Number of protein chains: 2
Amino acid sequence: MKIKNLHDLFVQELRDTYHAEKQLVKALPKMAKAATSDDLRTAFEDHLEETKNHVTRIEDVFGEIDQKATAKTCEAMKGLVTEGSEMIEETEEEARDAGLIAAAQKVEHYEIASYGCLVTWAKELGHENAANLLQETLDEEKAADEKLNSLALQSSNAEAR
Amino acid sequence: MKIKNLHDLFVQELRDTYHAEKQLVKALPKMAKAATSDDLRTAFEDHLEETKNHVTRIEDVFGEIDQKATAKTCEAMKGLVTEGSEMIEETEEEARDAGLIAAAQKVEHYEIASYGCLVTWAKELGHENAANLLQETLDEEKAADEKLNSLALQSSNAEAR
């Protein structure tokens with residue numbers, strides 16, 4: 001698809017982010033299972049539920065702009081998920097949680113950048129309802145990153161020094 | 001390499017980030033060439049110079065911890081660079097700059113997450129000089145993201161509506 005204007009760019013980015021969130025729904029249970037601390041496992045499990053909700057919310061955004069929800073392979077999230085899997089395979093227990101948190105924070109930052117663009121573009125295009133839905137997810141991604149920040153300090157202090 | 005503790009994790013992340021920065025040194029000139037506005041082209045050119053400096057700074061950090069500077073393939077940055085190339089190929093001129101800015105902001109956010117972890121871990125491990133060097137880069141990545149934010153608003157207002 002040739003991207004001719006901001007509308008096309010918005011739709012393409014929605015498709016990319018839809019695929020990214022779906023990949024994350026598959027990856028998060030593996031990260032939860034690999035976590036050694038109860039707090040981190042619970043954080044991943046909680047974020048899995050949020051992420052399932054983000055998938056539905058993107059479908060709602062597609063509805064708002066009268067487009068069918070379709071996904072486009074998100075190469076960056078593929079790379080991020082691969083790095084998360086490598087982290088699980090390569091770390092021994094002492095370094096596991098710090099490594100998982102790092103991998104997860106990269107994912108969150110990727111999503112913060114994506115939703116930041118989507119919100120800006122939705123507003124520019126006059127899609128107020130879509131912008132509000134996307135802003136809700138953006139706020140949740142930022143909160144997830146903050147939660148990981150606080151767990152990172154606990155984790156590296158307690159275990160992986 | 002099996003990652004046994006926070007030191008190993010820090011070294012592995014440095015290698016990953018070293019590779020990521022080197023990939024970016026190759027990608028940024030293509031993004032500068034593809035930009036349609038002078039402001040965006042200049043921003044990419046300026047950030048290329050900063051990025052070359054980030055490569056050297058990581059080499060200095062390896063020196064600080066008495067390790068040889070070696071790179072490990074960064075799968076996430078590979079994906080991010082692929083997305084940037086797709087954006088150049090798929091966008092017509094009207095949507096080009098908004099798309100390039102989005103791709104670049106994802107890169108910046110990836111790096112913000114990486115350097116955020118590296119700074120935290122360097123401090124935990126007592127590598128104060130390394131932490132200061134990494135903090136300098138972190139600050140520059142955040143400034144680059146802010147710069148892109150301001151260009152995004154100009155770009156989408158002016159061209160890609």
Side-chain angles (χ1 to χ4, degrees), chain A residues 1-10 12-13 16 72 74-84 86-87 89-96 98-99 101-114 116-118 120-121 123-125 145 148-149 152-153 155-157 159-161, chain B residues 1-10 12-13 16 72 74-84 86-87 89-96 98-99 101-114 116-118 120-121 123-125 145 148-149 152-153 155-157 159-161:
Chain A
M1 185 182 99
K2 201 73 183 174
I3 299 166
K4 291 179 188 156
N5 51 35
L6 193 59
H7 167 80
D8 293 350
L9 197 57
F10 180 68
Q12 184 84 331
E13 185 71 20
D16 181 279
K72 170 188 176 287
C74 176
E75 295 295 338
M77 185 61 83
K78 265 174 75 176
L80 288 161
V81 166
T82 300
E83 286 196 352
E86 285 174 0
M87 198 59 92
E89 285 164 23
E90 291 171 7
T91 46
E92 294 192 0
E93 283 210 358
E94 245 185 63
R96 174 78 47 75
I101 290 169
Q105 286 197 294
K106 291 177 183 185
V107 167
E108 288 315 309
H109 271 271
Y110 179 80
E111 297 196 299
I112 288 166
S114 298
C117 291
L118 285 169
T120 303
W121 295 341
K123 286 181 185 167
E124 287 293 321
L125 292 162
D145 182 55
L148 289 165
N149 257 339
L153 292 174
S155 160
S156 57
N157 282 332
E159 294 169 35
R161 196 185 280 270
Chain B
M1 185 183 98
K2 201 73 184 171
I3 300 166
K4 289 179 191 159
N5 51 34
L6 192 59
H7 168 80
D8 293 349
L9 197 56
F10 180 66
Q12 183 85 331
E13 185 70 22
D16 182 279
K72 170 187 175 287
C74 176
E75 295 295 338
M77 186 60 84
K78 265 174 74 176
L80 287 162
V81 166
T82 301
E83 287 196 353
E86 285 175 359
M87 198 59 92
E89 285 164 24
E90 291 171 9
T91 46
E92 293 192 0
E93 283 210 358
E94 246 186 62
R96 175 77 47 76
I101 290 168
Q105 286 197 296
K106 291 177 183 184
V107 168
E108 289 313 310
H109 271 271
Y110 179 79
E111 297 196 300
I112 288 167
S114 298
C117 290
L118 284 169
T120 303
W121 294 342
K123 285 180 185 168
E124 288 292 323
L125 292 162
D145 182 55
L148 289 166
N149 258 338
L153 293 173
S155 161
S156 57
N157 282 331
E159 293 169 35
R161 196 186 279 270

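Lettering follows sequence order; numbering is per chain, from 1. Source: prediction; values computed, not measured.
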Is it the side chain or the backbone of B:D145 that comes within 4.5 Å of chain A heavy atoms, both, or neither?
neither
Checking heavy atoms, do the side chain of B:E108, its backbone, both or neither come under 4.5 Å from chain A?
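Contact with chain A involves no heavy atom of B:E108 at all.
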Considering all heavy atoms, the nearest [X]-[Y] contact:
{"X": "A:W121", "Y": "B:A98", "answer": "CZ2-O, 3.5 Å"}
{"X": "A:M87", "Y": "B:I3", "answer": "SD-CD1, 4.5 Å"}
{"X": "B:G99", "Y": "A:L9", "answer": "N-CD2, 3.5 Å"}
{"X": "B:A113", "Y": "A:Q105", "answer": "CB-O, 3.8 Å"}

Is it the case that the side chain of A:E75 and the backbone of B:T82 share a donor-acceptor pair, with hydrogens and angles ignored and the cut-off at 3.5 Å?
no
Quick check against the 3.5 Å criterion: does A:K106 have a side-chain atom that pairs as donor or acceptor with the backbone of B:I112?
no
From the list A:S114, A:A102, A:G79, the residue making the most non-hydrogen contacts under 4.5 Å with chain B is A:G79
With sequence neighbours excluded, tell me which residues meet side-chain hydrogen bond (donor to acceptor under 3.5 Å, both in side chains) with B:K72.
A:E86
With B:K4, the side chain to side chain contact (heavy atoms under 4.5 Å, CB included) member among A:E90, A:E94, A:E92:
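Considering A:E90, A:E94, A:E92, a side chain to side chain contact (heavy atoms under 4.5 Å, CB included) with B:K4 is found only for A:E92.
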Under 4.5 Å from any heavy atom of chain B - which part of A:D16
side chain
Region of A:K78 in contact with chain B, defined by heavy-atom distances below 4.5 Å:
neither
Looking at CD of A:E83 and CD of B:E13, how far apart are the two atoms once the value is rounded to the nearest 0.5 Å?
7.5 Å
